[in-house]
Amino acid sequence: LLLRAGLALLAWPIYLLSFLGIWQPFCRKVFFPFFLEKISVAHDKKSKKHKQELFRNLPDFRGPSGELRLLEIGTGSGSNFQFYPPGCKVTCSDINPNFQEGLSRNMKKNQHLHYEQFLVAAGEDLGQVPSGSVDVVVCTLVLCSVQSVSSTLREVLRVLRPGGAFYFLEHVAAEHSSWTYFWQQVCYPTWKLVFAGCCLTRELWKNLEEAKFSKLKIQHISVAIPWMPIEPHIVGYGVK
């Protein structure tokens, strides 16, 4: 509690702006898109081999027509586009519409894909996407900040066709007996405020195990970024 208070004291201007109702809109429009694009570069360098392995079998989930229809939840600036197979039809969605600059830049870099549309939608409410209409749903570094993980996974299963797959790579809570978990607990309140609701201590593998996937593959990995308490990750996919 003392360390939490010390960290809050260091971040008091942000707490003040939040109290005045200024921080949240500024974070949403300016700070978080800028920060996420920068951290995505560092994270992609550390996680590239894991993403390459994760997305290697994406073509196996093509639909009966031979096309691969992919929905990405929390697309952000589109850092995953480079890992998708040629001809893939991508629908982008994000609750925050302020990533357009980085997203446009990555779309131009990855013209091997067909971009269908961009939806402003929360992971818990994908009502604009018809049930059973996509072959693959992708979600990376998003489940940490959704309002309800279980509701998001229910929506994932709804929009997937039978036999479709949900791919994920997420940072999670560390072992409870570890120093990493201790620092996650210290940073938690201030981190959540500063980084748009990102939760450091979610045990997301439990939510995935409770969801109704017919097949689920989860691997616990380490993605270390200096001065970031988000080293423990899970990566894998589940099949509807």
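Side chains included, hydrogens not; waters and symmetry mates left out as well; all remaining heavy atoms used.
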Note to self: Using side chain to side chain donor-acceptor pair (under 3.5 Å), reason through Tyr167 and Thr140 one step at a time and then give a plain yes or no.
What the structure shows: CA-CA 8 Å; Tyr167 285 75; Thr140 62; over 6 Å; no
Just verifying a value: how many Å separate [X] [atom1] and [Y] [atom2], rounded to the nearest 0.5 Å?
X	Y	atom1	atom2	value
Tyr15	Leu17	OH	CG	12.5 Å
Asp60	Leu68	CG	CG	10.0 Å
Leu153	Leu204	CG	CG	8.5 Å
Leu126	Ser131	CG	OG	10.5 Å
Ile22	Cys27	CD1	SG	13.5 Å
Glu53	Ile221	CD	CD1	11.0 Å

Do the non-hydrogen side-chain atoms of [X] and [Y] ever get within less than 4.5 Å of each other?
X	Y	answer
Cys92	Met107	yes
Ile234	Gln219	no
Gln52	Phe83	yes
Val134	Arg161	no
Ile230	Trp191	yes
Cys139	Val156	no
Ile225	Ile39	yes
Leu1	Leu3	no

Margin query: I'd like to check the ring-ring contact (aromatic ring centres under 6.0 Å, His included) partners of Phe34; sequence neighbours left out, ordered by chain and number.
Written below: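 Checked Phe34 against ring-ring contact (aromatic ring centres under 6.0 Å, His included); zero matches.
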Got a sec, which residues hit side chain to side chain donor-acceptor pair (under 3.5 Å) with [X], two or more places apart in sequence or on another chain?
X	value
Asp125	none
Glu124	none
Glu203	His176, Lys206

Margin query: Do Val149 and Ile95 sit in one hydrophobic cluster, given that two such residues count as connected whenever their side-chain heavy atoms are within less than 4.5 Å of each other, even indirectly?
Written below: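 No, Val149 does not connect to Ile95 through the hydrophobic network.
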Next item on the list: Verify the cluster assignment for Val120 and Val137: are they in a single hydrophobic cluster under the rule of side-chain heavy atoms below 4.5 Å apart?
Entry: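 No; Val137 is not reachable from Val120 via cluster members.
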Can you give me the closest heavy-atom contact between [X] and [Y], atom names plus distance?
X	Y	result
Leu58	Pro85	CD1-CD, 3.7 Å
Cys187	Leu7	CA-CD2, 3.7 Å
Gly163	Phe61	O-CD2, 3.3 Å
Asn98	Arg28	ND2-O, 3.4 Å
Gly236	Leu54	O-CD1, 3.3 Å
Cys88	Leu70	SG-CB, 3.7 Å

Look only at the side chain of [X] and the backbone of [Y], and say whether a donor-acceptor pair between them is shorter than 3.5 Å.
X	Y	value
Thr152	Ser148	yes
Ser145	Val142	yes
Arg69	Val136	no
Ser47	His50	no
Lys240	Leu160	yes
His233	Glu231	yes
Arg158	Val129	yes
Glu155	Gly123	no
Arg4	Gln185	yes

Next item on the list: Check the pair Leu71, Val159 against side-chain contact (heavy atoms from CB on, under 4.5 Å), reporting the backbone distance first and the verdict last.
Entry: CA-CA 9 Å; Leu71 167 68; Val159 302; 4.1 Å; yes
Item checked: Basic-acidic side-chain contact under 4.0 Å: Glu67, Arg62 ->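 Answer for the salt bridge query: no.
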Checklist line | Pairs involving residues 103-121, ordered by first then second residue, that meet side chain to side chain donor-acceptor pair (under 3.5 Å) (sequence neighbours left out) | finding: Glu37-Arg105
Contacts under 3.5 angstrom, residues 72-79 side chains, donor-acceptor by atom type, not counting sequence neighbours:
from  : atom 1 : to    : atom 2 : distance (Å)
Glu72 : OE1    : Tyr84 : OH     : 2.7
Glu72 : OE2    : Asn80 : ND2    : 2.8
Thr75 : OG1    : Glu72 : O      : 3.1
Thr75 : OG1    : Ser93 : N      : 3.1
Thr75 : OG1    : Ser93 : O      : 3.3

Notebook entry, point to check: Should Tyr237 and Phe168 be marked as a ring pair (Phe, Tyr, Trp, His ring centres under 6.0 Å) after you check the CA-CA gap, both sets of side-chain angles, and the distance that decides it?
Noted result: CA-CA 6 Å; Tyr237 64 93; Phe168 55 87; 8.2 Å; no
Checklist line | ring pair (Phe, Tyr, Trp, His ring centres under 6.0 Å) between Phe195 and Phe32, intermediate numbers included | finding: CA-CA 7 Å; Phe195 299 115; Phe32 194 62; 7.2 Å; no
Next item on the list: Could you tell me whether the side chains of Asp94 and Asn96 share a donor-acceptor contact shorter than 3.5 Å?
Entry: no
Checklist line | Side-chain H-bond candidate by donor/acceptor type, Gln184 with Tyr188, under 3.5 Å | finding: no
Next item on the list: With side chain to side chain donor-acceptor pair (under 3.5 Å) as the test, would you mind laying out the steps for His43 and His171 before giving the verdict?
Entry: CA-CA 11 Å; His43 190 274; His171 69 82; over 6 Å; no
Checklist line | Output field: ring centroids Trp23/Phe31 closer than 6.0 Å | finding: yes
Next item on the list: Just do the ring pair (Phe, Tyr, Trp, His ring centres under 6.0 Å) check on Phe182 and Trp179 with the steps written out, would you?
Entry: CA-CA 5 Å; Phe182 173 81; Trp179 278 108; 5.3 Å; yes
Notebook entry, point to check: Could you go step by step and tell me if Asn207 and Arg202 meet the side-chain contact (heavy atoms from CB on, under 4.5 Å) rule?
Noted result: CA-CA 9 Å; Asn207 299 97; Arg202 286 184 174 173; 5.7 Å; no
Checklist line | Leu119 and Thr91: CA distance, side-chain angles, deciding distance, side-chain contact (heavy atoms from CB on, under 4.5 Å) verdict | finding: CA-CA 8 Å; Leu119 307 176; Thr91 295; 4.0 Å; yes
Margin query: Counting only heavy atoms not in Gln100 (residues, nucleotides, ligands), do more than 12 fall under 6.0 Å from its CD?
Written below: yes
Item checked: Verdict with reasoning, Cys199 to Lys192, per side-chain contact (heavy atoms from CB on, under 4.5 Å) -> CA-CA 6 Å; Cys199 297; Lys192 187 176 182 180; 3.9 Å; yes
